[in-house]
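Each remark here refers to the structure printed beneath this line.
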Amino acid sequence: FIIIAIFEGALIFLLISSFNSQLKDKLTIIATEIATKKNFTRDILLEIQHKYKVYPLFIDIKEKKEPFINNKEYKEGFNTKNIKLPNGEDKFLIYNYHTKDKIIRVSTMIGANKDKIQIIKNISLSMSLFIYLIALIMGYKFIDKIATNIEDSIKRLKFFNSNVSHELKTPLTIMKGEIEVALMN
């Protein structure tokens, strides 16, 4: 059971890493695709969102000459930001892409993968329980076979003891009878 739990934990860790890696790849592709567009509209946002299946997707395009661009928050590359939501806390994955004259900021919530991860956790748990039940049934069959072998061995030992006892009693009884006859004379 411990091996199954360790396997399940490793599987979930790998899946979370895989989802986050895929999400980073998608944000990079989206930012470079947006950089090629001359006029960015809401329809293009919806098209890109459906094309890459990143929900929700937030796009922010800034001119490089704006004064806050030197802020480290707009440094090129990935960063994460914790945000508070009415139903708890979540993380945003943000990718800043710099072109010659613009900074394209593409972001999405990391928690969007939680549904996929929960489905995989449920499947993994179901498989673990199934494997555990199979292991229990196999263990029961194994123990039952061993118990049957032990019972057979005990029966053979009792039969052997009864044969040995009978074989020893017969000569002893004859000797006892002869000794009694000898003592009477």
Side-chain angles (χ1 to χ4, degrees), residues 1-140:
F1 189 69
I2 292 171
I3 294 170
I4 294 169
I6 291 170
F7 174 75
E8 184 177 289
L11 177 68
I12 291 169
F13 174 77
L14 291 173
L15 287 171
I16 290 171
S17 298
S18 173
F19 284 140
N20 289 341
S21 176
Q22 285 179 355
L23 196 57
K24 284 182 176 181
D25 291 344
K26 286 180 181 182
L27 289 183
T28 304
I29 292 168
I30 290 169
T32 54
E33 188 172 320
I34 290 171
T36 63
K37 307 279 184 196
K38 295 212 185 255
N39 294 328
F40 189 74
T41 63
R42 185 175 186 274
D43 292 334
I44 292 173
L45 170 65
L46 292 174
E47 178 187 318
I48 289 173
Q49 194 172 19
H50 292 298
K51 181 178 177 182
Y52 295 104
K53 298 188 180 4
V54 176
Y55 307 103
L57 179 63
F58 301 99
I59 310 288
D60 187 20
I61 302 172
K62 303 276 186 203
E63 295 296 321
K64 269 194 173 175
K65 57 188 169 190
E66 292 183 28
F68 60 87
I69 297 306
N70 292 328
N71 187 336
K72 65 180 177 179
E73 190 175 325
Y74 286 91
K75 182 180 167 189
E76 187 165 12
F78 288 98
N79 61 9
T80 57
K81 185 176 187 180
N82 291 331
I83 59 166
K84 292 191 182 205
L85 299 171
N87 59 348
E89 195 170 288
D90 206 344
K91 281 187 176 182
F92 259 93
L93 179 63
I94 302 166
Y95 178 63
N96 292 318
Y97 180 71
H98 291 237
T99 64
K100 199 168 38 170
D101 55 344
K102 299 186 250 185
I103 295 178
I104 301 169
R105 182 175 229 194
V106 182
S107 58
T108 189
M109 290 174 22
I110 294 176
N113 286 325
K114 286 181 183 175
D115 294 339
K116 295 175 189 173
I117 293 169
Q118 189 60 43
I119 290 169
I120 291 171
K121 280 182 180 178
N122 291 342
I123 291 170
S124 176
L125 180 63
S126 299
M127 288 175 52
S128 296
L129 288 174
F130 181 71
I131 291 169
Y132 184 67
L133 287 174
I134 289 174
L136 281 176
I137 291 170
M138 288 175 59
Y140 174 76

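Computed from a prediction, not measured in an experiment: that's the story for all the values here.
With contacts defined as side-chain heavy-atom distances shorter than 4.5 Å, the pair I94/R105 qualifies.
Remark: I59 CD1 to I34 CD1 distance equals 3.0 Å, nearest 0.5 Å. The OH atom of Y140 sits 15.0 Å away from the CG atom of L133 when rounded to the nearest 0.5 Å. Between the OH atom of Y97 and the OG1 atom of T28 there is a distance of 9.5 Å, given to the nearest 0.5 Å. To the nearest 0.5 Å, atom OG1 of residue T32 and atom CD1 of residue I104 are 8.5 Å apart. Atom CD of E33 and atom NZ of K26 lie 13.0 Å apart (nearest 0.5 Å). For the atom pair CG of L23 and CZ of F78, the computed distance is 8.0 Å after rounding to the nearest 0.5 Å.
Contact detail for I30 and Y52: the closest heavy-atom pair is CG1-CD1, 3.5 Å. Smallest separation of non-hydrogen atoms from A35 and T99: CB-CG2, 3.8 Å. Nearest heavy atoms, H98 versus K75: NE2-C, 3.8 Å.
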